[in-house]
Amino acid sequence: MRTAVWQVRLSFLCLTAVCSVTFRAAPVNAQALAQVDSAALKFASAQRKAVNRAKESEPFYSVADPLEIKLTTNIKRIRSDKGDKAPWRPATVSYTDTAGKIVSIPTLVRTRGIWRLKNCEFPPLRLNFKSELTKGTVLHGIDRPKLVSFCQDRDAYEQYLMQEMQLYRIYGLLTPASHRARLLKMTYADSASGKVQATRMAILLEEPEVLAARVGGELVEIAGAGPSDLAPNDDALAAVFQYLIGNTDWSTYALHNMELVRKPDGDHSPIPYDFDFSGVINAPYATVDPKLSIQRVRQRLFRGYCHSPEDFAKVFTLFNEKKPEIYALYKDPIGSRLPKGTVDETLKYFDEFYETINNPKRAKNQIVDACLKVK
């Protein structure tokens, strides 16, 4: 482990019954040893389950076409759930399979989030499926995913969500250490009245622990990571991506809109998510932290840690190599759902990024030397 902040997780790093390293320490009592062994076994079991879920959910996330699906729950009740620890509410998810049969899956939902929970007409949700109820369905392998739903029942807000979906797709082109995402055409029905409240696009996100298992790592839920804890290329990639999209609403150190996956070599990969405050989307509700040196979300500001010029050069090369694929996302069946004006504005915004990274002086001033210098 590279710094003391991670040492508390040492007992969880043995994924089998025997660790590869023997530590000499003062004798401990049998009860303490049993507790450590039990924790290690539980963690190993959870990792195996996450690996299986990653494989089982692959067919779901590999399809680009939106899945038409219906969520039925007591909408009035979940709209009133404003606390930090909202209760799980009963719900049903249903869709029509390829044979024309309606498939209904009982599930649970609860509200989540902070800003959206207070400011949106419809709250963001987390779903909770039982594995035995999803077998044989398109949702096989999906357990407790986040549902990114509309904020306001208006076309403009649906477009913001579609733009955010594109950003998840872009990061997926750059690295497999990114959240898989599936676009849904979600109908929201109220179980109390039987009435449909809205039909809007939504995003179902891959669960963090499944992502971690898929890339051969472990999800770390402890804040405080500095540059010495992070894989330089992975960290530079995540930070430059945030600069591409004009996003300042994140922090690896504070685990704000960022997750950490511990790799087998001990380094950590930061995984960004939640991009609706980014400049490229330019949502009317998006704001900038007044402590920063910019005033508008459309202004770019690099907020990543410092790494060597060589590490940044590798990242810039990757972005250049992937540029045709990134731009092509805005012409495919999903990207073409966006208005032409939005697409043109988005690609122009990206053009400015590419002008920066391909100008050595500007890249040095705005990214390489503008990094966060942390001891």
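Note that this is a predicted model, so its numbers are computed, not measured.
- Counting only distance, with no hydrogens or angles, the side chain of Arg303 and the backbone of Trp250 share a donor-acceptor pair below 3.5 Å.
- Residues Tyr61 and Leu173 fall into different hydrophobic clusters, defined by Ile, Leu, Val, Met, Phe, Trp and Tyr side chains chained together at heavy-atom separations under 4.5 Å.
- Side chains of Arg300 and Thr356: no donor on one and acceptor on the other come within 3.5 Å.
- Not one N or O on the side chain of Asp235 forms a donor-acceptor pair closer than 3.5 Å with the backbone of Pro232.
- Annotation: cation-pi geometry satisfied between Lys323 and Tyr327 (NZ/CZ under 6.0 angstrom from ring centroid, within 45° of ring axis).
- With rounding to the nearest 0.5 angstrom, the CG atom of Leu108 is 9.5 Å from the CG atom of Leu127.
- For the pair Thr107 (side chain) and Asn128 (backbone), a donor-acceptor distance under 3.5 Å is present.
- Side chain of Asn359 to main chain of Glu355: no donor-acceptor pair is present (N/O by atom type, distance under 3.5 Å, no hydrogens or angles).
- When all heavy atoms of Ser178 and Glu206 are compared, the closest pair comes out as O-OE1, 3.7 Å.
- A continuous path of Ile, Leu, Val, Met, Phe, Trp and Tyr side chains, each step under 4.5 Å between heavy atoms, connects Val220 with Leu255, placing both in one hydrophobic cluster.
- Across all their heavy atoms, Ala189 and Lys70 have their closest contact at CB-CE, 3.5 Å.
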* Derivation and outcome, side chain to side chain contact (heavy atoms under 4.5 Å, CB included), residues Val240 and Phe316 -> CA-CA 8 Å; Val240 174; Phe316 297 159; 4.2 Å; yes
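- For Tyr157 and Tyr160, the gap between ring centers is short of 6.0 Å.
- For Gln299 (side chain) and Arg296 (main-chain N/O), a donor-acceptor pair under 3.5 Å exists by modelled atom type.
- For Phe302, the CZ atom counts as densely surrounded, since its 6.0 Å shell holds more than 12 non-hydrogen atoms of other residues, nucleotides or ligands.
- Between the side chain of Arg112 and the main chain of Leu125, a donor-acceptor pair closer than 3.5 Å is present.
- Between the side chains of Tyr330 and Asp344, no donor N or O sits under 3.5 Å from an acceptor N or O.
- For the atom pair Glu68 CD and Leu184 CG, the distance stands at 10.5 Å (nearest 0.5 Å).
- Across Leu133 and Pro106, no two heavy atoms sit closer than the pair CD1-O, 3.9 Å.
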Please table the atom pairs, donor to acceptor, closer than 3.5 Å between any side-chain atom in residues 136-151 and protein atoms at least two apart or in another chain.
{"residue": "Thr137", "atom": "OG1", "partner": "Thr134", "partner atom": "O", "Å": "2.6"}
{"residue": "Thr137", "atom": "OG1", "partner": "Leu139", "partner atom": "N", "Å": "3.1"}
{"residue": "Ser149", "atom": "OG", "partner": "Pro123", "partner atom": "O", "Å": "3.4"}

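- Atoms CH2 and CD1, on Trp88 and Ile78 in that order, are 12.0 Å from each other to the nearest 0.5 Å.
- Salt-bridge check for Glu352 with Arg362: failed, with every basic side-chain N at 4.0 Å or more from each acidic carboxylate O.
- When all heavy atoms of Pro208 and Glu259 are compared, the closest pair comes out as CG-OE2, 3.1 Å.
- For the atom pair CG (Leu260) and OG (Ser269), the distance works out to 8.5 Å, reported to the nearest 0.5 Å.
- Salt bridge annotation for Asp190-Lys195: absent, with no cationic side-chain nitrogen under 4.0 angstrom from a carboxylate oxygen.
- With respect to Tyr349, the side chain to side chain contact (heavy atoms under 4.5 Å, CB included) criterion is satisfied by exactly one of Val280, Leu244, Ile245: Val280.
- Between Asp234 and Pro270 there is a side-chain heavy-atom pair separated by less than 4.5 Å.
- Within the 3.5 Å criterion, the main-chain N or O of Pro90 finds a donor-acceptor partner in the side chain of Thr73.
- With a 6.0 Å cutoff to the six-membered ring centre and a 45° limit on the axis angle, Arg182 counts as a cation-pi contact of Phe60.
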Show me the donor-acceptor pairs within less than 3.5 Å that the side chains of residues 161-170 make with the rest of the protein, sequence neighbours left out.
{"residue": "Glu164", "atom": "OE2", "partner": "Phe275", "partner atom": "N", "Å": "2.8"}
{"residue": "Gln166", "atom": "OE1", "partner": "Arg169", "partner atom": "NH1", "Å": "2.7"}
{"residue": "Gln166", "atom": "NE2", "partner": "Leu329", "partner atom": "O", "Å": "2.9"}
{"residue": "Tyr168", "atom": "OH", "partner": "Asp274", "partner atom": "N", "Å": "2.9"}
{"residue": "Arg169", "atom": "NH1", "partner": "Asp332", "partner atom": "OD1", "Å": "3.4"}
{"residue": "Arg169", "atom": "NH1", "partner": "Asp332", "partner atom": "OD2", "Å": "3.2"}
{"residue": "Arg169", "atom": "NH2", "partner": "Asp332", "partner atom": "OD2", "Å": "2.5"}

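- Here the closest heavy-atom approach between residue Val210 and residue Ala50 is recorded as CG1-O, 4.1 Å.
- Under the 30°/60° scheme for interplanar angles, the aromatic rings of Phe353 and Tyr243 are found to be tilted.
- Gln47 places a side-chain N or O within donor-acceptor distance of the main-chain N or O of Gly217, the cut-off being under 3.5 Å.
- A donor-acceptor pair under 3.5 Å is formed between the side chain of Arg298 and the backbone N or O of Gly279.
- To the nearest 0.5 Å, atom CG of residue Asn74 and atom CZ of residue Arg79 are 10.5 Å apart.
- Ile222 is not connected to Leu211 by any chain of hydrophobic side-chain contacts under 4.5 Å among Ile, Leu, Val, Met, Phe, Trp and Tyr, and they are in different clusters.
- With rounding to the nearest 0.5 angstrom, the CD atom of Glu207 is 5.0 Å from the CD atom of Glu209.
- Without hydrogens or angle criteria, His179 side chain to Leu205 main chain gives no donor-acceptor distance under 3.5 Å.
- The pair Glu58-Arg180 counts as a salt bridge, with a side-chain nitrogen and a carboxylate oxygen less than 4.0 angstrom apart.
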